[in-house]
Amino acid sequence: MDIRFDAADLDRVASRRQDASAFLRKWLMSLSVLALMVATLNLLVDPYVVFGTPRLPGISLFKPATKNHAMLAKTFQVDRAHPHTVLIGSSPVHIGVDAAASVWPASMRPVYNFGIPGAYETSTSLQTLQEAVTTGGVADAIVFLDFQNFFSPENPDPVLQEAARRFRFRPDGTPNPDSRQQRATDMVLALETMGALIDSLTTIALQRQSTVLDLAPNGSGTEADFIGAARDDGMHDLFAQKDSFEAKRLDKLAPIMAGWHGTLPDMDAVASIIAFARTHGIKLTLVIAPHHVDALELYWRAGLWPRVEQLKAELAAMVAAQGGAVTLWDFLDYSSFNTEPVPTAGDRRTPTSWFWEPTHFKKQLGEVMIQRMFGTDAPKFGTQLTPDNVAQRNAQVRADRQAVVCDRRGVMLTALDNPPTDRCAGTRTAHAPT
Amino acid sequence: MLFNSYSFIFGLFPAVLAGFCLLGTYRREWALLWLTAASLFFYAWWRPVNVLLIAPSILINYGLCRFLEHTIERQPARARAALTGGIIFNLCFLGYFKYLTFGTQTLNDLFGTGFILTQIVLPLGISFITFQKIALLVDVHAGRVGRFTLREYALFVLFFPQLIAGPIVHFREMMPQFRAASCRFDAENAAVGLSLFFFGLAKKLILADPLGTMVAPLYDHAAAGLPQSMADAWIAALGFTLQIYFDFSGYCDMALGLARCFGIKLPVNFNSPLKARSIIDFWSRWHVTLTRFLTAYIYMPMSLSAMRRRMAAGKPALGGRDRNASAFITLLAMPTIVTMLISGLWHGAGYTFVLWGLLHGTLLCINHAWRLLRPSLWRNTAIYNRRAAPAAFLLTFVSVVFAMVLFRAPSVSAAIVLWKGMIGAYGAALPQAVLSRLGPIGSGLVALGVHPAWTSGSFLLMAASRIAILLVIALALPNTLELLAAYEPALGVKPARAPGRLLRLASWHPNETWAFGLACIALAGMLSLGGLHEFLYWQF
């Protein structure tokens, strides 16, 4: 075969090669400049508060992107906070307990809120407490316990899985050799990932909105999501949606919880928290967090109330064994705080005072609890539990519940479709705050 | 090692390309040897022990090829026996790793036996490699391939851009290219190759992967037997269809691009299948090289054999005016069903894949039957093509989406739950938040029987908008092959004779606009490689 090229063909080939070479040079240059710009923007906006870049009004004052990256953000943030007191728990703590509240005694400040939204295992609380203590200077720890967390599903808490490599210590207290590398990786990812870029741009875009979700430097989350949802859908829908979610969750958990024999699972995690606090000289307060009556009614219906009472009794016994070094507060009861009526469907104006929905209390109630535990002149809400008063407390709560379901069933959504059949004779109304 | 990993993009690939070009300036053989060694390293990365499995298989198959070359003319019976033995060997090799567990499970299900197998780990890309080796044995036996060395054979099997998931290539379309490759850096090949690669990376990571997270809980619910609302079931079906669409499309682009950087053009494997107007058309666009393989090596031999038997018996063939049901069933329907059953099994060892294959086989038969019957029912083909096109597209699309549920569902029962949801057997429900925002329309929907549900309205809106955007990309925009047609991105691809306005405007050329555009696409893809994968807490 005779193949011949004329000069025009050769020129065309050379020209195409030149075009392609120029294309590759310009592409590489554009890519480098763009990558640098992305890193600079992410460093400046710092959407996950990983770098601690100063917050700029109009650009990065509020940090809405921390909503889905709370564990990452708080692990880096707590190092900079140098707290005296740490709050440990899940989303109710993150949203409902303000670390900057004026009711905190001066001796306990600065307070850092290490509540992690989405955490559903008690062992997560142990690890976050360990992590907080590595910052040095933590003298007080307030650990909020959630009844349902004592029956977490078999699979490990995804929040904890994600953070396990980042924490400085493993659950058994030994140093984590992967921590430094993971934190370096976190920083690179916070600079050069699509998620970080989108979150930076979203952060800037949301700065001018009237209600923006934020993570304060003390770890407290804002209630912006709830405020927005209440404005758009009304409080009734917030309660109804969460009731539906909780009912489904309890459907799965109830068979495990109802038929449980012996000490509740996860009590060893509480024991580890107590032991860790004692070893490090930390004053520990355990708190059984309050729920709205709607959520409590779901526990009753699922036949779980005996387990709630068992939890209180076992915790009281465990705490008593520490000889006064640990305090246990129980807010899981019936009072005017958690029996306020839920606004009717379609009502988007009437607010509630104490709860956003059945399991998330408002900051106002968080302040009442702080006052009750550490202050004076507090309303009579919740009780400090001991082995001596736990039986009486459980009986009182049962009686209060009877009063609520008989006299004030209209306050709860869960009672509307399936009224309780308990006998109502001789009941009394839940006590009001004083 | 995956194409969409830091270690590949910033480590192996640049190193292999640099070594290839550098060695190519000295000796081509060294460059090709380097490429083979790098491909073996790429293969071993995931599980080094796999090399011990694939290496003997390569040697045995090469030996068989040589034996066939020597015996095909002098001892055809021995050659035929060797070919049969070779095919059986390769199928057993594949069968052991891929189908033994499924076979045992089926046996247990059918006969109530209790055989237990320990988990067998599937070697990477074994389905693709096996088909390529079988095709080569058949081609050597048929005299369609000339002589080749062991090094050439190893490169053909191991060439890493097509090793994991295709395309399934023919020796006769690859080896001439390897033999003619300059093995030096070529700026145009690099520009075209990198463009294809980063288009694919962006498709995979930005378009496909987020859909996986979106649909996973819906399939989990279905697997648990929980009823699915109509909206959720359609999100699950459409979401997965688009996920696999962009995932495979992205992979194919990446494979084409990587090969092109070494001066090799791979065949077309994916060509906007969702734009198909019939199931036959769909299979000429989706996994094209698999369809080609199955047609050439399974369907055609079966059909031709049946044809010979019918002709020997004096029965009419299929075609012309002598159409009859028995000819259709024997010559077309049966081979099609069997071929698609094998296609289903090839895709995965499980009942859902078997059913998926049978379903597509049935759809193909219906399509073929319609093609045969339609001219007598609707005589004017031009008007038919014009008027029936939208309905044909819609019917094909819905059929493909329905069938795709089987591809993703963890069990047949889960697929049935989703199908029932799609046809509204569990009722239609929309989140209360969405219904209340719709105002009078929401009230109208409730009056029509749509139930309010306390599910997340934001999920529904996010899913619906994402699906809508991706459908526009898949159905309305030109694909990568069309964009780069002027530079033959895949074997045999030529520019359209009458490109549309959009295609004329968007066609890829090595100019400044595309340099910047590709930089944005590449950066978006690379930024999506890593992520702060944390638990998403979005519900109230």
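Fair warning: this is a prediction, and the values are worked out from it, not measured in the lab. Sequence lines set the chain letters: A, B, ... in the order given, protein chains first and strands last, and positions in each chain run from 1.
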K.L.:
Hey, mind stepping through A:Leu31 and B:Met526 against side chain to side chain contact (heavy atoms under 4.5 Å, CB included) and telling me if it holds?
P.N.:
CA-CA 10 Å; A:Leu31 187 63; B:Met526 287 191 283; 3.6 Å; yes

K.L.:
In terms of heavy-atom pairs under 4.5 Å, which option from A:Asp19, A:Asp232, A:Leu34 contacts chain B the most?
P.N.:
A:Leu34

K.L.:
For atom CZ of A:Arg17, decide whether the heavy atoms of other residues, nucleotides or ligands shown that lie under 6.0 angstrom number more than 12.
P.N.:
no

K.L.:
Within a 6.0 Å radius of atom CD1 on B:Ile441, are there more than 12 heavy atoms belonging to other residues, nucleotides or ligands?
P.N.:
no

K.L.:
How close do A:Trp27 and B:Ala519 get, counting heavy atoms only, and between which atoms?
P.N.:
CD1-N, 3.4 Å

K.L.:
So which part of A:Val33 gets closer than 4.5 Å to some heavy atom of chain B, the side chain, the backbone, both or neither?
P.N.:
neither

K.L.:
Which atoms form the tightest heavy-atom contact between B:Trp514 and A:Phe23, and what is the distance?
P.N.:
C-CE1, 3.7 Å

K.L.:
Where is the tightest heavy-atom contact between B:Ala190 and A:Leu24, given as atom of each residue plus distance?
P.N.:
CB-CD1, 3.9 Å

K.L.:
With only heavy atoms counted, which part of B:Leu205 is less than 4.5 Å from chain A, the side chain, the backbone, both or neither?
P.N.:
neither

K.L.:
So, taking the atom named CG in B:Leu523 and the one named CG in A:Leu197, what distance separates them when rounded to the nearest 0.5 Å?
P.N.:
8.0 Å

K.L.:
Within a strict 4.5 Å, meaning less than it, do heavy atoms of the A:Met194 and B:Leu529 side chains meet?
P.N.:
no

K.L.:
Are there over 12 heavy-atom neighbours, none belonging to B:Tyr426, within less than 6.0 Å of that residue's OH?
P.N.:
yes

K.L.:
Can you tell me how far CG of B:Asp186 sits from CZ of A:Arg16, rounded to the nearest 0.5 angstrom?
P.N.:
10.0 Å

